Amino acid sequence: MACALVLAAVCRAQRRGWWDPSACPVQLNGKTAIVTGANTGIGKFIALDFACRGARVILACRSETRGTEALKEIRQRSGNQNVHLRIIDTSSLESVRRFADQILEEEKELHILVNNAGASGLPKGITADGLEVSFATNHIGPFLLTKLLLDLLKKSAPARIVNVSSANHRRGKVDFSHFRGENLTYMMDTVYNHTKLHNVIWTNELAHRLQGTGVTANSVHPGVVMTEVMRHYNCIFRSLFNIVGIFFFKSAKEGAVSTIYCAVAEETEGITGKYFDSDCSLVLPAPETQDQAIKTKEFEYCERLTAKL
Ligand SMILES: NC(=O)c1ccc[n+]([C@@H]2O[C@H](COP(=O)([O-])OP(=O)(O)OC[C@H]3O[C@@H](n4cnc5c(N)ncnc54)[C@H](OP(=O)(O)O)[C@@H]3O)[C@@H](O)[C@H]2O)c1
Ligand SMILES: *[C@@H]1O[C@H](CO)[C@@H](O)[C@H](O)[C@H]1NC(C)=O
Ligand SMILES: *[C@@H]1O[C@H](CO)[C@@H](O)[C@H](O)[C@H]1NC(C)=O
Ligand SMILES: *[C@@H]1O[C@H](CO)[C@@H](O)[C@H](O)[C@H]1NC(C)=O
């Protein structure tokens, strides 16, 4: 028993990493930040951190009820009333467009965009836009959102885009027919892994296209984090994840750290097109993400899929 406790303490200490958001003096007064999927899990703690630094924070959530609860909590815990809820469903191109229109109407500036919303283990499905549902949620929707907000970000430069990807991207495969739900096997997290690979490819390509604009784009791995991420898996897997997690996985607050590092730290100012590990260290992502032919095709494909008819 004592041994297990010592082991757990060592693991906890190790996974904390070296960067401590509470020791980072950066203030965000006068800055505007959008965090998607901010009502729970990692996203809620990212939004809370920005709010504590004085930013105007927009919680981009799909559920009015869940979003309102988080809004109250974040306002209360940060003492910052300049936190607002706007509705977006990243799996629907129409919803993404509506959200972006509202932002462009209401906001004069945008300094931080965190594409955090995502889901793993979603059942097979094709959206109204003809897209595979995990790809729509985790990749194409966020692609369109970023595209529509890009001019506002450029106008507000220096600005930062952070994409919450995953170490799982290393197990993903590039096959553009996946976007429409072709050639996919739905085994556990296969589809999720593919979507997270495309996140990194696109972030890299976008960073390249944004050179000289003062807008940076990076992706991060949050770590293995105890959130609702397993909600679409069966109860055996969920229980196992939660039990093992008590000892080895990060809390949602700890999972937010690598994203906050990328979004606000002085150390990451000007860095772009990179992939950060959960301990905030710079690491090389999967080789496919550096392949120029793939990156160009990624851009063309996503452009085509999100083009307005
Ligand atoms: N937890 C991990 O171990 C881990 C590891 C690697 C990467 N990640 C990534 O970290 C990010 C955050 O995940 P999490 O662990 O915090 O999971 P989570 O607790 O399940 O939170 C996911 C968030 O995304 C939102 N979301 C899901 N689908 C959406 C949609 N179609 N439109 C708008 N919002 C949507 C959820 O909203 P609702 O609550 O309304 O559903 C929720 O706010 C994800 O991108 C995930 O892939 C997590
Ligand atoms: C991340 O990368 C770009 C911004 O750099 C965005 O267009 C793309 O869709 C994002 N995907 C996610 C959620 O990782
Ligand atoms: C997805 O990635 C995770 C983490 O790298 C890996 O454990 C899992 O086996 C992958 N899933 C598939 C089906 O490749
Ligand atoms: C994907 O499926 C289509 C048919 O739906 C097929 O023509 C194509 O060759 C497949 N691609 C790969 C890479 O297997």
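In this text, all values refer to a predicted model and were calculated from it rather than measured experimentally. Order of appearance sets the numbers: ligands from 1, and atoms from 1 within every ligand.
- Counting only heavy atoms of the protein, atom 4 (C) of ligand 1 lies nearest to Gly223 O, 3.7 Å.
- At the shortest separation from atom 16 (O) of ligand 1 among protein heavy atoms lies Ile42 N, 2.9 Å.
- The aromatic ring centres of Phe241 and Phe249 sit less than 6.0 Å apart.
- Per-residue contacts place Ile88 under 4.0 angstrom from the following atoms of ligand 1 (heavy atoms of the residue considered): 32 (N), 33 (C).
- The option with the heavy atom closest to atom 38 (P) of ligand 1, from among Lys44, Arg66, Lys250, is Arg66.
- The shortest N or O to N or O distance between Val225 and ligand 1 is under 3.5 Å.
- Short contacts between ligand 1 and Val224, defined as distances under 4.0 Å to a heavy atom of the residue, involve ligand atoms 3 (O).
- Atom 41 (O) of ligand 1 has its closest protein heavy atom at Arg62 NH2, 2.6 Å.
- In Glu269, the CD atom is not crowded: 12 or fewer heavy atoms of neighbouring residues, nucleotides or ligands sit closer than 6.0 Å.
- Near Thr137, with a cut-off below 4.0 Å to any heavy atom, the atoms of ligand 1 are 28 (N), 29 (C), 30 (C), 31 (N).
- For the pair Arg86 (side chain) and Gln102 (backbone), a donor-acceptor distance under 3.5 Å is absent.
- Residue Gly37 has at least one nitrogen or oxygen atom sitting less than 3.5 Å from a nitrogen or oxygen atom of ligand 1, judged on distance alone.
- Side-chain atoms of Thr272 do not come within 3.5 Å of backbone N or O of Thr216 as any donor-acceptor pair.
- At the top of the distance list for atom 30 (C) of ligand 1, counting protein heavy atoms only, stands Thr90 OG1, 3.3 Å.
- No side-chain donor from either of Thr36 and Asn115 sits under 3.5 Å from a side-chain acceptor of the other.
- Among Thr127, Asn116, Asn115, Asp189, the residue whose heavy atom sits closest to atom 12 (C) of ligand 1 is Asn116.
- Annotation: atom 22 (C) of ligand 1 to nearest protein heavy atom, Gly118 O, 3.6 Å.
- Protein heavy atom nearest atom 42 (C) of ligand 1, with residue, atom name and distance: Thr40 CG2, 3.6 Å.
- Residues satisfying the salt bridge (charged side-chain N to carboxylate O under 4.0 Å, His left out) test with Arg238, not counting sequence neighbours, are none.
- Residue contacts with ligand 1 include Ser165, since one or more of its heavy atoms lies under 4.0 Å from the ligand.
- Annotation: Thr190 places no N or O atom under 3.5 Å from an N or O atom of ligand 3; distance criterion only.
- Under 3.5 Å, the side chains of Ser281 and Asp279 contain a donor-acceptor pair of N or O atoms.
- At least one heavy atom of Asn39 sits closer than 4.0 Å to an atom of ligand 1.
- Residue-ligand proximity: Cys61 is placed with every non-hydrogen atom at 4.0 Å or more from ligand 1.
- Applying the 4.0 Å criterion to heavy atoms of Asp89 picks out, from ligand 1, the atoms 30 (C), 31 (N), 32 (N).
- Here Thr185 pairs with nothing under the side-chain hydrogen bond (donor to acceptor under 3.5 Å, both in side chains) rule; sequence neighbours left out.
- Cation-pi geometry between Arg209 and Phe299 is satisfied (NZ or CZ under 6.0 Å from the ring centre, within 45° of the ring normal).
- Taking the six-membered ring where the residue is Trp, His178 and Phe135 present tilted rings, their angle falling between 30° and 60°.
- Polar contact check, Lys196 against ligand 1: a nitrogen or oxygen pair lies under 3.5 Å apart.
- Shortest contact from atom 20 (O) of ligand 1 to any protein heavy atom: Arg231 NH2, 3.0 Å.
- At the top of the distance list for atom 17 (O) of ligand 1, counting protein heavy atoms only, stands Thr227 OG1, 3.4 Å.
- Counting the atoms of ligand 1 from 1 in the order shown, those under 4.0 Å from a heavy atom of Val164 are 9 (C), 10 (O), 11 (C), 45 (O).
- For the pair Tyr192 and ligand 1, a heavy-atom separation below 4.0 Å is found.
- Here is the list of ligand 1 atoms found below 4.0 Å of a heavy atom in Pro222: 5 (C), 6 (C), 7 (C), 8 (N), 48 (C).
- Remark: aromatic rings of Tyr192 and His139 are distant, center separation not under 6.0 Å.
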